Each structure stands twice: as C-alpha cells, then as structure tokens.
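As structure tokens, the structure follows; a few thoughts come after it.
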There are 2 protein chains.
Amino acid sequence: MNRRRSNPPPAARQPAAKSSLWASSRERLRGRELKRDAVVRAAAREFNRKGYHNTSLDDIAARLEVTKPTVYYYVTSKKQLLFQCFLAGVEQIRAAFRDTRGLQVPARERLRDVLRHYGEAMASEFGWCMARAEDQDLSFAMSRHIKALKSEIDHGIRRLIREGVQDGSIHPCDPKMTAFALAGALNWIAYWYREDQSLTGAQIAAAFLAIFENGLRPRGNGAQKAARPSRTARTARAARTAGAATRGSARRATAR
Amino acid sequence: MNRRRSNPPPAARQPAAKSSLWASSRERLRGRELKRDAVVRAAAREFNRKGYHNTSLDDIAARLEVTKPTVYYYVTSKKQLLFQCFLAGVEQIRAAFRDTRGLQVPARERLRDVLRHYGEAMASEFGWCMARAEDQDLSFAMSRHIKALKSEIDHGIRRLIREGVQDGSIHPCDPKMTAFALAGALNWIAYWYREDQSLTGAQIAAAFLAIFENGLRPRGNGAQKAARPSRTARTARAARTAGAATRGSARRATAR
DNA sequence: TTATGATCATACTCATCGGTAGATATCCTA
DNA sequence: TAGGATATCTACCGATGAGTATGATCATAA
C-alpha cells in the first residue's frame, strides 16, 4: 500500500540533468527506438518484482528517473508496455526455433537446443511477462496476437516431439501432453528464479533436460532393477483413493 | 472495463427472496461456515476466470446474487479471500502427503500417488489460486504462511525423490531440480486447464507421470537404440550459441 | 539570433474499487 | 409478542492510479 515514493526524487529536478541515469546514457541512447527499449526493460523489471497490477507507471518512471508523461511519450498505454515485454521475451524463443530449423540432427537434439534457449528466456528479465502475465490485462487484439505466438511455440515443440518419435530419438509418447509438461516445467522457472539465483538460466535448463531425458524410472544398463509393480501397494492405494482429496478446506485460518 | 453489471440484478431485490440461488440453497447452507465456504468457492471461480485484480468484490457478490457488504459479512478483506482460496487448495495436496506417509511401497510409487493428487488439485477450482496468485497481493503474515506451506510441499517432494534414489526406485538425480521440474509441470496445469478441458485432472496427472517416469530418451529393452551423441551436432550448436538469444526485441508491434 | 520540433515536467481529471456506516429485515427465544 | 441476535441492503467515502492538458526547455537549423 505504501509502496509509492514518499519524497520527490532528488534527481531529475532540473530537466535533463547530466547526472541522471536517463540523461547520462543519453549519448548511447540515440533515437526513440533505444529509449523505448529502455522503458520496456524497466517495465519488465518492475513487473518481475511486483507484478503488473502492483506496479504503477509512476514506479516505472521513477526507476528511469523521469516522470510519468515521459513514459507515455514512448508508449501509448500500460497494456502496450506489458505487450511489448511479452514480445521481447518470446522473440528469444522464436529465434531458437529458427536456429535449429535446418539442422541435420536427431530431433531430440534439436528439441534440446530449443528448450535450452526456452529456459534461458524464462530466467531472463522478460520471463515474468511471458509466463505470468494474464491476457485479461491486454486488449483483445493483443491477447489474440499473444495466443497465436504461444500456440506457434507450442506446436513447434509438439512437432519436434513427433519427429523425434519417428526418427527413434524420443521414446514414444503423446506429443501434446509431453509438450505441456516440458513447457510447464520451464515456464515455472519464471516463478522461482528471482528468489533462487544460485544457478544460471542455462544451468537450470541443462539440469531440467537431463531429468526429462532420463526419466524417473531407473535405467538399468540392460537389466531393469527395482521398480517391482508391488501388488500390495496397488490395492492399498485403491482403498485410500476413495474419499480423499476433498476433505478439509482449512477454514478459519489465523493469518491477517 | 465495462465488465460491471449494467443493470441492477433482477433477483435479490426484495431481501431474502426465496427464488434466489443464495436463499434457495439456504436450507442446505446451515451456519456461517458453509456460507463462508460458498463465498470462498465463488471467489475462486471468479479469480480463475478473470484473475485477482480484474475481479471486484461486486463481481463475487453478484455471482452469489447478494451485495458486497454481505460478502464482507463473511470475510474481512479481499486479501483474506485469496488467502482462503489458497489454503483450501493446498490442503488437498497436504492430505495426499498424509495418506502416503506410512505406506510400505517403493518411494517412486508414493511419489506417484502424491503427484497424482497434486495434479488433480491444480485442475480443481482452486488451481489458479495456488499456482498463479501473487504473494504481493497478500499481507506479510499471509505471504509468510503460504511460503511455509509451499516449502513444506516442495521439501516433501524432494524427500520422496531422495528416498527413491536410495531405495533404487528412482534414477539418480538432483532432488531439488527434479522437484522443481515436477512441480512446475503440474502447476502449469492451472494455466491451460480451463481452456482445454478435454481430459480430467486425474487423466492429465496420469499422462504427466508416464512422461516423467519414462523420460524422453528411448528405453531400449536392454539395448539403447538411437541417441547417438552426434559430434557434428555438438559443434554446430557451439558455433551458433554465441550470439543468439539476445538479438531482436520485436519493437513497434501493431496490436492495439 | 530565432523559429521549430522534440522532449519532458507540473498539475490536473476521472473512473474504479476496496471498504464502511447505518438502516432494515428476518428469525429465534423468552 | 417484545427484544435481541443474525443477516442483508442502500448509500456512501477515500485512495489509488491510469491517462492528459498545458506549458517549459533544449537542440538544431535557417
């Protein structure tokens, strides 16, 4: 609630002060394009920290040490800001697809390449916007555009999976569900990465891919060990499954 | 923006009309507890549809065919409503852990049980609140409470993984990363399930578990087929990797 | 030096929405 | 049937924040 700045920012008092971050980088930021990108990046970082609705345009402006109308000079609306953040992030993933397009490699390796870049994009500053932004916050046209891009990526992954199953590099599976599982695990990076940055995006992606490729079930070198079906377990499960999972609803919690 | 009801709701004009859903179900809704649960459920459904910030308390009230002060009669704040939704959902998952606690089965099977209930919970009406709710929208105490519960679940999964590696039912892996990958894939159900309900939550969870257990790499019956390391691919990748992934940023998009 | 367009700040408008005050109706009980 | 407790409504407040009207300032060219 009291997240607004309490006193006026000391910088940006006299217009175009040379000490301001905004002004000092002015030499490098030639033209509107570059400044606009700076606005979008600042917005992405704020959204990442506090979420879309808890970030005001004053916050973004303050981050750049300018005022709100300046932001509006480069961007038409808050919606559009979020939209631009999304596009910037998703473009990284699309580039990964383009790069692997013509490669003469088993599909599983192409998939691995794509997913590694996917994971890195999710750990980037635009990860939040790609994964967590709600399309109800956008205009209809933007929402449609984003859905199309997401669908393109989804179907790209499914296609790679199908090709992998065909060329024998991927274990037979349902491409749709597998794509959901893969994308879900990677998208989720955007949720926890900011809190646990002990690994780089590339390292996380590599670790995830190892997990997905190996699977949980042990890979015996020839002989499958462990993993006995365990008939007792199955019956015990069946007995329990009946009335669980809709029991309590944890009423009357104490936290305020 | 114009999502508010434009004309006053025809029902609930004369107070406690017997035709209102709220009033007609009054016989069944004995006591505050049950009504309170109804409020929480209605909130969960609205949050699920439109997100937390795009749902007003008037919306929730309208859904129940009552007015806003009535909602406040059962709940102290919007924050608390979200908090309650979260608790209701997470309790399903905790129940799953409790149920498998004492089972004398390989850990991979216990993990499977837990994750199946986890997936079902994510496909439930509380899935959105568990997965997508932002803790910036809660009070500090609530946020801390929720973090503790999430951490409990996370560490429960890690523990099952560790046990599985020890008893040989799970392929050796990093428990932390594996838990992240599993939870991520399942949490993501809350994002797409409402748009694609062709499967039940249980079916999705089962499909995911098959994927996770098998892994992408083909499981030869003894002999590994395919999956040649392909040295040419590796070098080709290395060459590309250098300058990719931070290229374009998709400026000047057209959608409004 | 001065005109002009680009850039940015001050100071506002206005709609939305969380939350509340106070009145009212209903129901149960003595 | 009086009276208190319960449950709900009408009508309002106040804060927040997106977006804008207007004017000042700066760089550049004539």
Side-chain angles (χ1 to χ4, degrees), chain A residues 1-6 8-18 20-23 26-27 29-36 38-39 43 46 50-62 64-82 137-139, chain B residues 1-6 8-9 11-18 20-23 25-27 29-36 38-39 43 46 50-62 64-82 137-139:
Chain A
M1 296 304 173
N2 48 4
R3 96 191 88 81
R4 314 307 330 289
R5 60 190 182 193
S6 47
R13 281 291 74 170
Q14 60 281 60
K18 270 141 248 95
S20 146
L21 184 146
W22 183 257
R26 176 181 269 165
E27 309 86 50
L29 298 181
R30 281 270 155 255
R32 296 181 62 100
E33 296 288 313
L34 293 174
K35 287 193 181 177
R36 214 178 108 107
V39 172
E46 290 300 297
K50 301 186 298 192
Y52 179 74
H53 288 281
N54 291 319
T55 298
S56 73
L57 277 162
D58 281 316
D59 290 336
I60 298 169
L64 293 164
E65 298 187 61
V66 294
T67 55
K68 188 164 56 172
T70 302
V71 172
Y72 274 101
Y73 183 69
Y74 292 100
V75 151
T76 67
S77 70
K78 193 182 179 187
K79 283 180 191 330
Q80 218 214 2
L81 213 37
L82 179 59
D137 297 331
L138 298 173
S139 72
Chain B
M1 294 308 172
N2 49 4
R3 94 191 91 80
R4 316 307 328 290
R5 59 190 180 192
S6 48
R13 280 292 73 170
Q14 60 283 61
K18 271 139 247 100
S20 146
L21 183 146
W22 183 257
S25 57
R26 173 178 271 167
E27 309 87 49
L29 300 180
R30 282 270 157 252
R32 293 182 64 101
E33 296 289 311
L34 292 175
K35 286 194 181 177
R36 213 179 109 106
V39 171
E46 289 300 296
K50 301 186 297 192
Y52 179 73
H53 288 281
N54 291 319
T55 299
S56 73
L57 278 161
D58 282 314
D59 290 335
I60 298 169
L64 294 163
E65 297 186 62
V66 295
T67 57
K68 188 164 56 171
T70 301
V71 172
Y72 275 100
Y73 184 69
Y74 293 99
V75 151
T76 68
S77 70
K78 194 182 178 186
K79 283 181 192 326
Q80 219 215 3
L81 212 36
L82 179 59
D137 297 332
L138 298 173
S139 73

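Lettering follows sequence order; numbering is per chain, from 1. Because the structure is a prediction, the values reported are computed rather than measured.
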Against the side chain of B/Pro69, the closest entry in D/dT10, D/dA21, C/dT7 is D/dT10
Per atom distances to the A/Tyr72 side chain, the nearest of D/dA18, C/dG19, C/dT10 is D/dA18
Test item: B/His53 and B/Asp137 side chains (from C-beta on) under 4.5 Å apart, heavy atoms: yes
- [ ] Decide side-chain contact (heavy atoms from CB on, under 4.5 Å) for B/Ile60 and B/Leu81; before the verdict, give the C-alpha distance in whole Å, the side-chain angles of both, and the deciding distance to 0.1 Å.
- [x] CA-CA 10 Å; B/Ile60 298 169; B/Leu81 212 36; 3.9 Å; yes
Taken in chain and number order and not counting sequence neighbours, the residues that satisfy side chain to side chain donor-acceptor pair (under 3.5 Å) with B/Tyr72 are none
Taken to the nearest whole Å, CG/B/Asn54 to C1'/C/dC17 is 12 Å
Atom NZ of A/Lys78 and atom P of D/dG19 are separated, to the nearest Å, by 8 Å
Can you check whether [X] has a side-chain N or O nearer than 4.0 Å to OP1 or OP2 of [N]?
X       : N     : answer
A/Lys35 : C/dC8 : yes
A/Thr67 : C/dC8 : no
A/Tyr74 : C/dC8 : yes
A/Thr70 : C/dA9 : yes
B/Tyr73 : D/dT8 : no

- request: Measure distances between side-chain N and O atoms of A/Lys68 and base N and O atoms of C/dA9, and say whether any donor-acceptor pair falls under 3.5 Å.
  value: no
From the list A/Thr70, A/Val71, A/Thr76, side chain to side chain contact (heavy atoms under 4.5 Å, CB included) with A/Tyr74 holds only for A/Thr70
